[in-house]
Amino acid sequence: MNGQEIPKAYDAKDWEDKLYHAWEESGFFNPDKCIEAGVTKVDAVPFSIVLPPPNVTGTLHTGSACMLAIEDLIVRFKRMQGYRTLWLPGTDHAAIATQSKVEKIIFEEEGKTRHDLGREELLKRVETFAKASHDTIIHQTKKIGSSLDWSREAYTLDEKRNFAVRTAFKKMFDEAIIYRGERIVNWDPEMQTTVSDDEIDYVEKNSPFYYFQYGPFVIGTVRPETKFGDKYVVMHPDDERYKEYQHGQKIDLEWINGPITATIIKDTAGDMTFGSGVMTITPAHSRIDFEIAKRHGLDIEQIIDDQGKLLPIAKEFAGQGIKEARKKIVEKLKTKGLVVKVDEQYAHNIATNSRGGGVIEPQVKKQWWINVNKEFERAGKTVTLKSLMQDAVRSGKIKILPERFEKVYFHWIDNLRDWCISRQIWYGHRIPVWYKNEEIYCGIEAPEGDDWQQDPDTLDTWFSSGLWTFSTLGWPEHTEDLKTYHPTALLETGYDILFFWIARMILMTTYLLDTVPFKTVYLHGLVRDEQGHKMSKSLDNIIDPLDMIADYGADALRLALVIGSSPGNDVRVGDEKIISFRNFTNKLWNIGRYVQTQLTTSDSQPTIVPIPKSDADHWILKRLQDTAGEVTRLIENYQLSLAGEKLRDFTWTEFADWYVEIHKVEKNDTVLCFVFETLLKLWHPFMPYVTEALWGISGNNTKNLLMVEQWPSFAKASEGKPAVDGASSFQLVIGLIQEIRAIKAFYQIDPATKLSITVRGESQQSIQKNEAIFKRLARINEIHFSETLPPHTALAQCGSLQTFIELEGVIDFDAETKRLENEKSEKAKYIATLETKLSNKNFIERAKPDVVVAERLKLEEARKQLADFEHHLASLV
RNA sequence: GGGUGAUUAGCUCAGCUGGUUAGAGCAUCACAUUGACAUUGUGAAGGUCACUGGUUCGAGUCCAGUAUCACCCACCA
């Protein structure tokens, strides 16, 4: 393409879909294809990431966009470095969330519940919905530019993953890690299912708090409707107020539905400082109460049924919903004279299902559990699931970034209770257990013979997610993929699912495979709006990544999400930030445009080997090498933001603002082209689209896709000798030009004014060599070389180079003299501090040698500057 | 109640194991504009690094305490 034909501005819309299509067509997202095509060596070291599967029914939000940007960056980087790189995509069936969404739609449209439809019909509907929704999320994922290997796409509920789930379940069942037991669970009467502890949201609410007379005691509650069955009264054994009562003592008293006999229980669970220090318990509907009851072998009586209605024990209130019953019960107690006091505004937390919104009603239920404390043998040692999870991180086999989350992780495990894995919903992995009369059978496939009834429950969605790193690679089969890519190299996700998912993957992998699921965990922050608020529908501040892509391009969005964010810290993103990165993509585009214009109008052809001629060439190549080395190191340490900033600074302030300007005076196309193409490679992982577009434009047709070009290899040698030397005299010239600009600004001389300067000393050669550059960039009219100076001049100095700007008739000398006197005293002060520092024995002895050298150089430099200043002052007077 | 983190320019944030006169982007102001780029360029202004102590030759960086904010966990009968 000719320079004239390249549009003035980069329009992402014209390129992105086309380029993504080209990448997909090439097959290079698939590491096997890369090996076939020879872009990756057969024996290359594998590098793998599994994509945290988005919910099928979800849409792409900025958090997932951030995740994709980071992962794609790392994956593209590794691929270019020559690793056998696999990034494996998939989606999650998100059982409860998906089913409740579909149920809601069906109810709104047809007024039907799932029970009207029946299990089979509902599942069909859910699957249809999931399928349609799947395509949306995949489309959105591609829009970001994700280089995922779609040929390996998995779904948590597809046949292979289902098989893995059943296999895992059976193994755990056989070893009694999974058991069935009656426990108190979080029951959602609306969804008719259990909810895990982690999936509960507490909503603060003010409700009346009642004090009732309970025999000789006063008890408090917000929930009078649970009190029918209360026949145990609990107090702390050390409570002096009640020492006359003995544990186990019976007391007759009048209660809601007539006289009852209550039993005194002394238990440390009673809080002496709360209320009267006495409480009655409802073991069937409160975990704490349930535990007290278990400790003392008390009766556990159900008061409220699964629909949230009172049972016959409530007598006249039986069948009523808890809300309506509550007031009536209080009324009845009032008429009986048992209400002591009511606090109308009592603030407390109500547990709700975060996936559906129903108010949680604890119930005692038979559920399937994973025992995290059961001891078993592993490699000759007695372990538990808990200890396996702890060891994986403690031993350093898994590294969590940022490190502080390791603490959070351990804390969570310390407080971990058995994990309830059964759910009473229909969409999900059906529990592979069958019953016949009293018999129970657990197997990967259904048992032979009739009359077997499969357990109606399904598994918690995180059960299958826990297998994700290896179920996606073919486990339980011993596949090549599993051998090659597991454990995976990196897991990158938001810190909000550390417990839900990361911990459970570690649990499943250490238990089932006796290895870790990944070596490094990189946790990104949550994406917030410009004000720092969480994005939410109710605040109407959601930034839709697709809108951003449509407006500014995927590259700009990616940069905005990656640069300026560090692991574990939240990122704020708004239009403004994205716009500034859009501007940058355009900057790069125009650099490319310039390079292209030059190449078509000059004779020289682009070449892979740069042939440095001028000082400027040496300088830019040296800087390129430094930058490439640093960027490589930073990405390898997952300091992506810093890497991006370094690259941007180099691209903009060194390459574009200096080298390209110099190129206009002193052409060297091989270097210009080399630096530019290297930059495209370095930028590619950050902004794949615009770099690939420019690569296509600037190259000849035999070129590969940039996506599989080799990462600049001399970057790796950054610790050794520099690939090119010299450049110091040119750096002086650049410094000098900057000095002159600064002086113009200082004296408030119009930067466009062309001045004459006198150059003195041994630096003549360098100036002469770069005279054209000097004249163009510093707007110098004439350069004299002389040992004698004209009367009124300002000194511009950089290192050993000295130039004197003629100021006659340009400035007000008196005012400037005063200003300079001030500056001189500041400089003197600075020198004094440096001198003190360097005369300090402790500093000399204890500081690192290079620090001391640096300080000495600084002092030398400062002294020289001061001398020049004095000289300058003298010349003004 | 327990825990974690944050506090650096008007705003958003970098600043990795202590060692330049503390940086960037945006916003502001001034100036420039035939140029690959007005999606631009050159500059300026703007900071007691929350506070108080401590360790150290040296602290934005390490330690202790205080304040404010944010988040996580537990949970109130």
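Residue numbering restarts at 1 for every chain, and letters A, B, ... go by the order of the sequence lines. Every heavy atom of this structure was used, including side-chain atoms; hydrogens, water molecules and symmetry mates were not.
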Rounded off to whole Å, could you give me the CD1-to-P distance for the A:I413 and B:G2 pair?
23 Å
Listed range with range, the stems formed with RNA chain B by at least 3 consecutive Watson-Crick or G-U pairs (under 3.5 Å) are B:1-7 with B:67-73, B:10-13 with B:23-26, B:28-32 with B:40-44, B:50-54 with B:62-66
Pick base, sugar-phosphate or nothing for A:R648, based on heavy-atom distances below 4.0 Å to the nucleic acid.
sugar-phosphate
Which pair of non-hydrogen atoms, one from A:V631 and one from A:A643, has the smallest distance, and what is that distance?
CG2-O, 3.8 Å
Both conditions, 6.0 Å and 45 degrees, for the charged tip of A:K664 above the ring of A:Y594: are they met here?
yes
Among the nucleotides B:C37, B:G41, B:A14, which one has an atom lying closest to any side-chain atom of A:N586?
B:C37
Polar side-chain atom of A:D343 near backbone of A:F209 as donor-acceptor pair, under 3.5 Å:
no
Quick one: which of B:G19, B:A36, B:C76 gets closest to the side chain of A:I591?
B:A36
Please give, in whole Å, the distance from B:G19 P to A:R846 CZ?
17 Å
Under a 4.0 Å threshold between the charged nitrogen and the carboxylate oxygen, would A:D649 count as salt-bridged to A:K646?
no
Between A:H285 and A:I304 (side chain of the first, backbone of the second, donor and acceptor by atom type, cut-off under 3.5 Å), is there such a pair?
yes
Could you tell me the separation between the NZ atom of A:K837 and the P atom of B:G18, rounded to a whole number of Å?
14 Å
Taking any heavy-atom pair under 4.0 Å as a contact, classify A:I563: base, sugar-phosphate, or nothing.
nothing
If we take the P atom in both B:U56 and B:C72, what is their distance in whole Å?
41 Å
For the ring pair (Phe, Tyr, Trp, His ring centres under 6.0 Å) test, which of A:W683, A:F686, A:W589 pairs with A:F584?
A:W683
side-chain contact (heavy atoms from CB on, under 4.5 Å), that's the test. Do A:V278 and A:V234 meet it? Break it down for me.
CA-CA 6 Å; A:V278 175; A:V234 180; over 6 Å; no
On a whole-Å scale, what distance lies between the P atoms belonging to B:G60 and B:A9?
15 Å
When you check the phosphate oxygens OP1 and OP2 of B:C37, does a side-chain N or O of A:K587 lie under 4.0 Å from one of them?
no
Given B:A36, B:G19, B:G41, the nucleotide with the shortest approach to the side chain of A:W652
B:G41
Assign each of A:R404 and A:S580 the nucleotide of RNA chain B bearing its closest heavy atom; nearer the 5' end lies the nucleotide of A:R404
Measure from OH on A:Y210 to C1' on B:C76 and round the result to the nearest Å.
17 Å
Between A:E630 (CD) and B:G15 (P), how many Å, whole number?
13 Å
On a whole-Å scale, what distance lies between the P atoms belonging to B:U7 and B:C49?
14 Å
Heavy atoms from C-beta onward define the side chain here; which of B:U20, B:G19, B:U39 lies closest to that of A:A9?
B:U39
Describe the nucleic acid contact of A:E406 in one word from base, sugar-phosphate, nothing, applying a heavy-atom distance below 4.0 Å.
nothing
Between C1' of B:A14 and CD of A:E645, the distance in whole Å:
5 Å
With P as the reference atom in both, quote the distance from B:A50 to B:U61 in angstrom, rounded to an integer.
8 Å
Just by modelled atom types, is the A:E835 backbone N or O under 3.5 Å from a matching donor or acceptor in the A:S839 side chain?
yes
Between atom CG in A:N583 and atom C1' in B:A38, what is the gap in whole Å?
10 Å
Return the nearest nucleotide to the side chain of A:Q639; candidates are B:C16, B:G19, B:A36.
B:C16
Select base, sugar-phosphate, or nothing to describe what A:N415 touches, counting heavy atoms under 4.0 Å on all strands.
nothing
Round to a whole Å and report the spacing from OH of A:Y409 to P of B:C72.
20 Å
Can you tell me how far P in B:G18 sits from the matching atom in B:U66, rounded to whole Å?
26 Å
What integer number of Å spans the C1' atoms of B:C29 and B:G15?
27 Å
Looking only at the side chains, is there a donor atom on one of A:D267 and A:H236 sitting less than 3.5 Å from an acceptor on the other?
no
Nearest-angstrom distance, C1' atom, B:C13 to B:C73
28 Å
Sugar-phosphate, base or nothing in reach of A:K646, heavy atoms under 4.0 Å
nothing
Would you indicate what A:V660 reaches in the nucleic acid, counting non-hydrogen atoms under 4.0 angstrom: base, sugar-phosphate, or nothing?
base
Is the shortest side-chain N/O distance from A:N637 to OP1 or OP2 of B:C16 below 4.0 Å?
no
So what does A:T280 hit on the nucleic acid, given a heavy-atom distance under 4.0 Å: a base, only sugar-phosphate, or nothing?
sugar-phosphate
5′-ward residue of the pair A:R417/A:K8 relative to RNA chain B:
A:K8
